[in-house]
Every structure is written in structure tokens, then in C-alpha cells.
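Ligands are counted one by one from 1 in listed order, and the atoms in each one are counted from 1 as well. We number each residue from 1, following the sequence as shown.
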Amino acid sequence: MTSSVAVLRDVAALRAAVRGWREKGERVALVPTMGALHAGHASLVTEGLKRADRVVASIFVNPTQFAPTEDFSKYPRTFDADLAKLAAAGASACFAPGVEDMYPKGFCTAVGLEGPAKADLEDRFRPTHFAGVATVVAKLLNQAGADCAIFGEKDYQQLKVVAQMARDLDIATEIVGAPTVREADGLAMSSRNVYLSPDERTKAVAIFGALSTAAGRIAAGEVLGHVMADAREEIVAAGFAIDYIEARHAETLDRVARRADGPIRVLAAAKLGATRLIDNVAVPHD
Ligand code: PAF
């Protein structure tokens with residue numbers, strides 16, 4: 001039997017819960033999410049429990065990180081199932097504020113970003129996205145005052161943007177990246193995978209296949225430009241329309257020309273029908 005998760009509806013309730021744990025000498029981890037939880041999120045809770053006594057997961061579908069053309073209104077919302085998953089994973093609480101709590105009337109502040117947020121990857125296709133992410137994450141970090149916060153590596157640029165923002169704004173919470181959890185065939189778990197038709201779902205693994213092959217070939221010393229051109233072809237042949245597929249420095253996200261410029265991460269975003277998938281793989285290095 002799993003214990004139940006306390007639902008905290010506003011910042012005062014969140015702060016009271018965190019204060020109570022701290023008074024008992026417990027460490028606290030925050031797992032920020034937009035709900036529609038899957039095994040990838042459960043692994044973030046597990047990672048939090050390795051580093052803290054208590055995990056609080058937030059569920060907030062953040063309107064400011066969606067462009068008007070994106071899927072905010074149809075983003076999957078599965079709150080009751082999410083709570084059961086959080087309980088099973090061992091979280092103590094779920095912070096689930098309303099839009100009016102996070103963005104009350106008159107709210108007019110946003111975090112301005114350069115560096116990894118302007119790497120010409122996701123930001124090229126979603127120019128307003130990271131300002132929305134960084135602003136809501138700054139709020140969540142300040143609201144929770146946790147010892148650490150766990151973010152999945154699947155959204156690799158997001159992880160780098162959040163880590164830079166927390167560093168630059170002297171937010172004391174440690175930002176921790178956790179490895180991507182994959183389906184049996186290798187497809188990165190994502191709340192958006194539910195949008196895929198059965199036929200698209202079969203094809204979707206090509207993105208991971210191409211990135212893994214590319215990472216292995218770069219590690220083996222093959223010419224980076226050739227390898228990435230082949231990876232691009234492979235993804236197009238599977239039926240994807242590519243937004244980007246690139247090899248970048250794993251820390252700065254700067255462009256790299258050869259293996260020696262690394263550590264390298266290969267990253268891609270591509271559309272299969274109406275569904276946009278992203279993924280990334282580390283290039284093994286000595
Ligand atoms: O990765 C996500 O689910 C979101 O971008 C986050 C970090 C919860 C901010 O809304």
C-alpha cells in the first residue's frame with residue numbers, strides 16, 4: 001500500500017509544509033512538472049528521494065511557456081492519476097496552484113535570458129518558451145525553498161537554462177539533472193507521446209535511433225559533419241519533418257566542429273504529423 005499525497009493549493013500551504021519538514025531536520029526536493037505524469041516523472045521523484053527526505057512535486061500547466069499556436073488548451077490533464085503516481089513514487093506532497101495564484105491580476109515580471117536560452121535550438125522554434133519556463137521555475141524555486149530541484153535531461157536545453165538562471169539569480173536550491181527514461185523501444189517518455197497515432201508511435205523511435213547511432217559514431221572518431229548529415233537523412237526517411245538535429249557542447253550548448261571540442265551532446269527536434277518530439281543523447285567520451 002502506498003501512502004497518500006497531500007495536495008497543497010497555494011503558496012502559504014506549500015511553505016507551511018516545507019517549514020514543518022525542516023523543523024524536523026528533513027531535507028526537501030522539488031520536482032516541477034506540468035502533470036500528465038509518466039515513469040519519467042516517477043524517476044525524478046526517485047532521484048529526489050536519493051537526495052532528500054521529502055519530495056514535493058508541483059503540477060502546473062504554465063500558460064506563459066506556450067505560444068498561442070501551441071497545445072496549452074489540449075495539453076493532457078490527468079490530475080487524479082497523477083496523484084496516484086506521485087504517491088506510488090513516494091512523494092509527500094503535490095503543489096497544485098491555480099493560474100490566479102501563479103499569475104495574479106497585475107503580474108508583470110519575467111526573467112530575461114541569454115546564453116543557453118539563445119543557443120539557436122528550441123529557442124529558434126519557440127522564441128517565447130524559455131522566458132515562460134524560467135519565470136515560472138524561478139517562482140516555484142522561491143515558493144518552495146527546497147534544497148534541490150530535479151529536472152529531466154530530456155528537455156536538455158531547459159535544464160541548462162534553469163541551471164544558469166538559478167546560478168545567476170543566486171537561488172540557493174541545487175539544480176539536478178536526471179537521465180531520460182525511455183520506452184522499451186527507446187522512445188523518450190513524454191506527456192506528448194499520447195498525441196501519436198499507432199503508426200506514428202511505431203516510427204517515433206527513429207529519432208532516438210538516429211541520435212544514438214550518431215553519438216556512437218562521433219565517439220568512434222568519425223567526421224562529425226558526415227555523421228550528422230546521415231542522422232538527418234535517417235530521421236527524414238522515417239517520416240519526420242526536422243526542426244533541428246545538431247551536435248553541441250554538452251555544457252555551453254555552443255556549436256562544435258569535432259569530437260575534441262566536446263563533451264558533446266547530440267540533440268534533435270522533429271515533427272511526426274502534428275506531434276513535435278525532442279530528444280538528445282550524450283556522446284560518450286574518455
Ligand atoms: O518540463 C516541464 O514540465 C516544464 O517546463 C516545467 C519545468 C515544469 C516548467 O513549467
Side-chain angles (χ1 to χ4, degrees), residues 8 11 14 29-45 47-48 55-67 70-79 81-82 85-86 89 91 93-99 101-103 107 109-111 113 116-117 119 121-123 125-144 146 148-167 169 171 173-181 188-195 267 269 275-280:
L8 312 170
V11 178
L14 171 65
L30 173 70
V31 173
T33 85
M34 298 205 300
L37 302 184
H38 48 66
H41 298 106
S43 82
L44 303 182
V45 174
E47 189 62 44
V55 169
V56 55
S58 60
I59 294 184
F60 179 65
V61 186
N62 174 35
T64 66
Q65 68 188 74
F66 290 79
E70 292 179 351
D71 56 347
F72 173 69
S73 55
K74 75 164 190 158
Y75 196 82
R77 287 161 171 88
T78 56
F79 191 64
D82 291 347
K85 286 179 189 159
L86 289 177
C94 172
F95 175 50
V99 176
D101 298 300
M102 295 301 271
Y103 300 112
F107 184 93
T109 299
V111 177
L113 304 161
L121 293 165
E122 283 301 290
D123 50 301
F125 299 90
R126 308 183 73 190
T128 59
H129 176 65
F130 287 125
V133 169
T135 302
V136 84
V137 171
K139 285 172 69 71
L140 291 165
L141 294 172
N142 283 330
Q143 290 164 345
C148 62
I150 322 292
F151 295 83
E153 285 183 349
K154 201 208 115 214
D155 294 297
Y156 195 77
Q157 189 178 5
Q158 167 175 282
L159 171 62
K160 297 297 158 194
V161 168
V162 165
Q164 179 81 44
M165 179 272 292
R167 225 173 14 249
L169 298 184
I171 293 175
T173 306
E174 183 194 357
I175 305 301
V176 177
T180 302
V181 177
M189 288 197 185
S190 164
S191 305
R192 291 189 166 100
N193 290 352
V194 297
Y195 301 152
L267 309 100
T275 308
R276 185 173 186 275
L277 300 177
I278 65 172
D279 203 351
N280 64 88

Less than 4.5 Å apart, any side-chain heavy atom of [X] and any of [Y]?
| X | Y | result |
| --- | --- | --- |
| Gln143 | Met102 | yes |
| Tyr103 | Val136 | yes |
| Ile278 | Lys154 | yes |

Which atoms of ligand 1 sit under 4.0 Å from any heavy atom of [X]?
| X | result |
| --- | --- |
| Gln65 | 4 (C), 5 (O), 9 (C), 10 (O) |
| Thr33 | 8 (C) |
| Val136 | 9 (C), 10 (O) |
| Pro32 | 8 (C) |

What is the minimum heavy-atom distance between Thr64 and Gly132, and which atoms define it?
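That closest heavy-atom pairing would be OG1-CA, 3.3 Å.
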Among all protein heavy atoms, pick out the one at the shortest distance from atom 7 (C) of ligand 1; state its residue, atom name and that distance to 0.1 Å.
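Nearest protein contact, heavy atoms only, for atom 7 (C) of ligand 1 is Gln158 NE2, 3.5 Å.
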Protein contact of atom 3 (O) of ligand 1 - nearest heavy atom, named by residue and atom, plus distance:
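The closest heavy atom on the protein side is Met34 CG, 3.6 Å.
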Under the criterion side-chain contact (heavy atoms from CB on, under 4.5 Å), I'd like the reasoning laid out for Lys139 against Phe107: C-alpha separation, chi angles, the key distance, then a yes or no.
CA-CA 12 Å; Lys139 285 172 69 71; Phe107 184 93; 3.6 Å; yes
